[in-house]
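Just so you know, these numbers come straight off a predicted model, no measurement behind them. Only heavy atoms go into these numbers, but all of them, side chains included; no hydrogens, no water, no symmetry mates. Order of the sequence lines fixes the chain letters, A, B, ..., with proteins taken first and strands second; residue numbering starts at 1 for each chain.
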Amino acid sequence: MNHSVIVEVTLRRGIADPQGATIERALPALGFTGVHSMRAGKLFRFDVEAADAEEARATAQSLAQRLLSNPVIEDAHVRVEEVRPA
Amino acid sequence: MNHSVIVEVTLRRGIADPQGATIERALPALGFTGVHSMRAGKLFRFDVEAADAEEARATAQSLAQRLLSNPVIEDAHVRVEEVRPA
Amino acid sequence: MTRVAVVVFPGSNCEYDVMSAMAQLGASAELVFHSATTLGDVDGVILPGGFAHGDYLRPGAIARFSPVMTAVSDFAAAGGAVLGVCNGFQVLTEAGLLPGALQKNRGLTFLCQPTTLVVSSTRSVLTRAATPGQELVIPINHFSGAYTCDDETYASLVRHDQIVLRYRDNPNGSRDDIAAVSNEAGNVVGLMPHPERAMSTLLGSADGRVLLEGFLGLGVGAGAGRGGGVGAQ
Amino acid sequence: MGVSNPAPPSPTSLHRALGLSDDELDDIRKVLSREPNHLELALYAVMWSEHCSYKSSRLHLRRLPSKAAHVLVGPGEGAGVIDAGDGIGVAIRIESHNHPSAIEPYQGAATGVGGILRDVFSMGARPLAVMDPLFFGELDDARNRWLVEGVVSGISGYGNSVGVPTIGGELTFDQCYGANPLVNVLAVGALPTSRLALGVASGIGNYAVLLGSLTGRDGIGGVSVLASAGFSGEDGAASIDEAKRPSVQVGDPYEEKRLIEACLELLDHGYVVGIQDLGGAGLICATSETAAKGGVGMDVDVTAVPLRELGMQPFEVMTSESQERMLAIITPENLAAVNAVCDKWEVRATVVGHVVEPALMPDGSRVGLLRVREGFDGQVLGEVPASSLADEAPLYDRPRRRPRDLDAILADDPSDDEPVGDPHDDLAGLLVDTAWVSRQYDSQLFLNTVVGPGRDAALLRLAGPGLPPSRRGFAVSTDSNPRWCALDPRNATALTVAEGVANLACVGASAQAIVNCLNFGNPEHPEVMWQLSESIDGMAMACDALSLPVIGGNVSLYNESGGRDIDPTPVVGSLGVVASLVAPPPGWNWRAGDAVVLVGHREAAGGRAFPLGGSRWATRRGRRGGRLAEFDASRLRATFDFVTGEVAAVCAGEPSDLTAVHDVSGGGLAVALAEMAAATTLGVSVDELEGHGELFAEFPGRFVMATSDAGALVARAQAAGVPVSVLGVVGGTRLRLGTLVDLDVREMADQRASALERALRRD
Ligand SMILES: Nc1ncnc2c1ncn2[C@@H]1O[C@H](COP(=O)(O)OP(=O)(O)O)[C@@H](O)[C@H]1O
Ligand SMILES: [Mg+2]
C-alpha cells in the first residue's frame with residue numbers, strides 16, 4: 001500500500017529565523033496588518049510503500065530525523081495523510 | 001483573536017522539482033526503499049489577528065497568493081489551525 | 001605534511017582551486033571522489049567549497065552520507081588533519097564532526113566579498129602558523145554561513161578554545177562573529193571563508209597562505225600548535 | 001512510457017493557432033508535396049517561430065562582419081570561438097531570457113544562465129564566466145522591486161551553484177521596461193583548441209544520445225494549443241486544457257554542473273562526433289540542426305526519450321524545452337564508454353536517434369530526412385527534410401519607417417538647457433554602485449578574477465582546469481545605451497561598440513570580437529524594424545572601423561507592453577585579450593599627489609562640443625530628446641590603442657608611472673571622477689571645466705588617468721598623436737569640479753554605496 005506522507009520541518013524554538021523575520025517586516029508596506037510570529041519552514045510530500053500506516057510513519061519518521069531535518073536546529077513533524085493501493 | 005495559520009507552498013503539478021528528485025535519488029544509498037514521488041515545498045506558520053476564522057483565512061489566502069508563492073509555478077494551501085485570545 | 005586528499009562530491013566546485021593552492025605550497029594533492037571508501041596514503045584531507053548535491057535540502061545534508069565520509073570520520077578520529085572550507089564546513093557539521101550548524105545569512109542573500117578575520121585560537125591545525133589576534137583579509141562566498149549553536153555548545157566551544165577565527169565585521173549574522181571552529185582536539189577545522197582564494201596579490205590578497213601553510217605543517221616551529229605529525233593511517 | 005498515435009490531419013485553423021501564417025502553411029505544403037500532419041505542423045511551428053528562425057532579422061544580420069583570421073567559429077554554432085593564443089580558444093555567447101523572467105523572475109533568470117552555459121560547453125569550452133545585463137522599470141514600483149530581487153537571486157542561485165563566476169553586467173532602470181524587463185546573459189568559456197566541438201551529425205549508423213534531465217511539458221509554447229486540438233476536435237484554439245498550459249521551466253544547476261563535467265570528459269576522451277545543446281524547441285531543434293549541418297538523415301525514436309510526466313504526446317516530447325539536456329552524436333563502438341562516463345557523473349544517457357543515409361528523392365536528389373518514429377523500426381509519425389526545419393524557414397523583409405516625430409525629438413536638445421537646479425543633486429542622482437547585485441554572485445571561482453564586477457571591464461587569467469598553461473588574460477564588458485538608441489540607433493549602436501572597446505582598454509585588453517543581443521520591440525511595427533536595421537548598420541560600421549568581427553548574437557523581439565515598444569536596446573558583449581597578465585592593471589586606485597589627466601579628445605565629434613542628448617543627466621531631468629556625438633573612427637582608434645598599450649604594459653609587469661585609469665561613460669566626466677574618488681576616498685580638484693556640459697556630456701573616447709609623472713604621460717600621449725590635458729591633482733577629502741561641484745568624498749561614497757539598496761528597500 002502507498003501511504004502519502006507529509007513532513008514539516010521548522011526551526012527549533014530559540015533559533016533565529018531571518019526569513020520569517022524578513023517577510024514579517026515586509027508586510028505592513030503591502031497592507032497586511034495584524035500578522036505576526038511569522039516562521040518559515042520546509043515541507044516534504046512523498047509516498048511510502050508500507051503494510052500499514054504505522055510502518056509508513058516509522059519509515060517517514062526515520063527519514064525525517066536522519067535526512068530531512070538537522071536536529072541541531074530543526075524539528076520535524078510527520079503526518080500520514082491517505083492510503084492508496086500501490 | 002489570534003488565529004494560528006499554516007500556509008503550504010508546493011510546486012504545481014507538472015513543474016520540475018529538482019530538489020525533490022535529488023533527495024529521492026539519494027534515498028536508496030541511505031537504505032530507504034519504497035519511498036517515491038518526493039516533492040519539496042515551503043511552509044509558513046504565522047498568527048493572524050482577526051474577528052473569526054473566515055477573516056483570518058481570507059487574510060492568509062491573500063498573503064499566500066501575493067507574497068508567499070508565485071501562482072505561475074506554485075500552489076498555496078492555507079490552513080487555519082487554532083484560535084487563541086490575542 | 002605533503003600529501004593531501006581533496007574530496008569531490010558531485011556539485012563541489014572549488015576542488016581545482018584548492019588543488020592549485022596546494023601545488024603552490026609544494027604539497028601533492030589528489031582528488032578523491034565521493035564514492036571512494038578509502039582516502040589513500042595521505043597526511044591531511046580537505047573538503048572544498050561548492051554545492052555538493054546542489055545544496056538541495058540543506059548544504060551538506062546529502063553529502064554527509066557519501067561513502068567517503070566514513071573514511072573521513074575514521075581519519076579524523078585517528079587524529080588526522082581535516083579541513084572543511086565553506087561547503088566542506090557545512091558537510092562536517094552535518095556529519096557531526098564539528099559542532100553547530102550553518103544557517104542562511106542574516107540578510108538572506110548570497111555574499112561574495114572580502115572579509116577581515118581575526119585569529120582567535122592558534123591551537124587548531126589551520127591556525128597553528130598564525131599568531132593570536134592576527135588579522136587576515138580573506139573572501140567569503142556563501143549563502144548559508146551564519147554559524148549557529150545552542151548555549152551549551154557555545155559554552156563548550158569557548159571552554160575548549162574551539163573558536164578558531166572571528167569576523168571583524170560580522171557579514172552574515174554568525175553567533176559571536178564565528179568564522180571558523182575546530183573540534184576539541186583541534187585536528188578537524190571548518191571555516192566559511194576561502195583561504196585558497198587568497199593566495200596571491202594578483203587576485204587581491206595572499207593572507208590565506210598562513211592558514212594553508214599551517215594546515216600543511218609548514219612554518220610551524222617545533223612545539224608550536226599540535227605539530228606537523230598529526231597524520232594518521 | 002508510451003506515446004500515442006499521430007493525430008488526424010489538421011483542421012484549417014490549427015496552423016494559425018500554432019502561430020503559422022497561411023503563407024507559411026503553403027510553404028510547408030510545397031516542401032512536403034502534401035498536407036503536413038499534426039506532428040509535422042507542430043515541428044514547423046516551433047522551428048519557424050521568430051525565436052528559432054530569426055525570420056524578421058536574418059536578412060539584416062547578414063550585414064554584420066563576422067570574419068577574421070583569429071575567428072575559429074563564427075555565428076551559427078552554440079557560441080563563437082576565437083583563437084586566443086597558446087593553444088587556447090575562447091568561446092562567447094549572449095542570449096536573452098526576457099519573457100520568462102517577467103512572470104517568474106527567479107526561474108526565468110536562472111534558466112537563462114543554464115541555457116547560455118550549454119551553448120558554451122557544447123563547443124567543448126569550460127564555462128569560465130557569466131555576465132548579466134539587466135533592464136528594469138523604475139524602483140518606485142513594488143513589482144519592479146520584486147523583479148529585481150527575483151532576477152538577481154535567480155542568477156545568483158543558478159550561477160553560483162553550477163560553479164561559474166558571474167563577473168559583471170549592466171543595470172539600467174527606465175520606465176520603458178516596466179512590464180517588459182530585459183534579462184540578458186552572456187557566458188565565456190575556454191578550451192584547448194584541440195577539443196573544439198561542433199553541432200554536426202555525421203557517420204551513417206551513429207547514435208544520437210540524449211544526455212541529462214528527464215523531458216517534461218516544460219515551455220511548450222504556442223504548441224500547447226495543439227494538445228487540446230488533438231483532443232477536443234474542430235477548433236484548435238478554442239479550449240486550452242489547463243494541465244497542458246505551457247509551464248515555466250525550473251532550473252537545476254546541480255544537473256547542469258554534472259552535465260558540464262560529463263560532456264567535457266566525453267570530449268576529452270574523443271568519444272563525441274558532434275554535440276549540441278537543447279535550447280528553444282528542444283529535441284526537434286537539436287536533431288534537425290545537427291542532421292542538416294551534416295547533410296544526413298536522422299531517425300528519432302520518441303518512445304526512447306525518458307519522460308518526467310505521463311501521457312506526453314509525440315509533439316510534446318519533440319518540442320519540450322526541459323532544461324539541462326544535450327544531444328551527443330557518437331559511434332556505436334563508444335556507447336559503453338560514454339555510458340561509463342555518464343554513470344560516473346550520474347548523468348542520464350539514452351540513445352534516442354540514429355544517423356541514417358539521406359533519402360533518394362523521386363528527382364534523383366538526396367535529402368536528409370528527420371523522421372520521428374515510434375521505436376526505431378516502428379511506425380513513422382512524421383517525416384520532413386531536416387534542412388527545411390533548420391535552414392529554410394521563411395525570411396521576411398518587413399516594412400521599415402523612420403519615426404515621424406523623430407526630427408522634433410532630435411531638435412529638442414537638452415544641451416541648450418540652462419542648468420537650473422543643484423549640480424550636487426544631479427551628480428548624487430547619477431552615482432549608483434551595483435555592488436548590492438554583484439556581491440550576490442560568486443565572482444572569483446577558478447582563481448582567475450583579477451578585476452571583478454564594479455570597475456570597467458572584468459579581467460581574468462586565461463586559465464582553467466584542462467587548459468594549457470598560459471600567462472594571458474581575457475577581458476569582457478557588456479554595454480548598451482537605450483537612451484541614445486531611442487534618438488539615433490545607428491550612431492548610438494556604433495558608440496556602444498566603442499564603449500565596450502574603451503572598457504577593455506581600461507584593463508589593458510585589445511578587443512578581439514563582439515557578440516550582441518538585440519532587444520527590440522514588435523517587428524511588425526515599421527518603426528521598430530527601422531530601429532533594428534539602423535542599429536545593425538551602426539554596429540557593422542563600428543566593427544568595420546575597429547576591425548572587430550561579430551561572432552555571435554541573439555535577437556529578442558516583441559519586447560512591448562500595452563502597445564508600447566521598449567527603447568531599442570542592443571547589448572554589445574566585447575571580448576579582449578591581454579598578452580601578458582602578471583600584475584593587476586592600475587584600476588581606479590589613484591594616490592595623493594598624482595596628476596589627473598584626460599586622455600582623448602576633450603570635445604565630441606560632430607555638432608556640439610558637449611552633447612547632452614540622451615545623457616543620464618538629461619534623462620533624470622525628464623529630457624529625452626537631442627542629438628548625439630558622432631562616431632569618429634580614427635580618433636577612437638588612436639586613443640584606444642594608446643590606452644590599451646599603457647595599461648597592458650602595467651599588466652605585463654613593466655615599470656610605469658600610471659596609477660589609475662577609468663573611461664568616461666554613463667554620467668560623463670563628473671561621474672568618472674566621482675567614482676575614482678569614491679573608490680579611494682581621495683579627492684581631486686579640477687579647475688578649468690566648460691560648465692555643466694563638460695561635466696555630464698556622454699561620448700566615448702575619453703579616459704581619466706592618474707600618473708605619478710604627468711610630464712612623461714603627456715609626452716607619450718602626444719607622441720601617439722592622442723590629445724591629453726591635465727585636469728588637476730589628487731588629494732584631500734573633497735571632490736571639486738570647477739565652480740559647480742564641491743562635495744565631501746566620504747559622504748558621497750557612502751551615498752553611492754547605499755543608493756541601490758535604499759531604492760530597493762524604500763528607505
Ligand atoms: N547586473 C550586474 N551584475 C554584475 N555586475 C554589474 C551589473 N551591473 C553592473 N555591474 C558592474 O558594475 C560596473 C559598472 O557598470 P557600468 O556602469 O555599466 O560600466 P561602464 O559604464 O564602464 O560600462 C561594471 O563593472 C559592471 O560589470
Ligand atoms: Mg567603464
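A/L68 touches chain C through backbone and side chain together, each having a heavy atom under 4.5 Å away.
Heavy atoms of other residues, nucleotides or ligands lying less than 6.0 angstrom from CD of A/E81 number more than 12. Within a 6.0 Å sphere centred on CD of C/E135, heavy atoms belonging to other residues, nucleotides or ligands number more than 12.
The two atoms that bring C/L57 and A/K42 nearest to each other are O-NZ, 2.9 Å, heavy atoms only. The nearest pair of heavy atoms linking A/L67 to C/A61 is CD1-O, 3.8 Å.
Taking chain A as the reference chain and counting heavy-atom pairs below 4.5 Å, the highest number among C/R106, C/R58, C/R64 is found for C/R58. The candidate from A/V9, A/V72, A/D17 with the greatest count of non-hydrogen atom pairs under 4.5 Å with chain C is A/V72. Contacts with chain A were tallied for C/N105, C/I62, C/L108; C/L108 has the most, counting heavy-atom pairs under 4.5 Å.
C/Q103 places no side-chain N or O within donor-acceptor distance of the main-chain N or O of A/I73, the cut-off being under 3.5 Å.
For A/A64, the side chain to side chain contact (heavy atoms under 4.5 Å, CB included) test picks out A/V7, A/A76, A/V78, with sequence neighbours left out.
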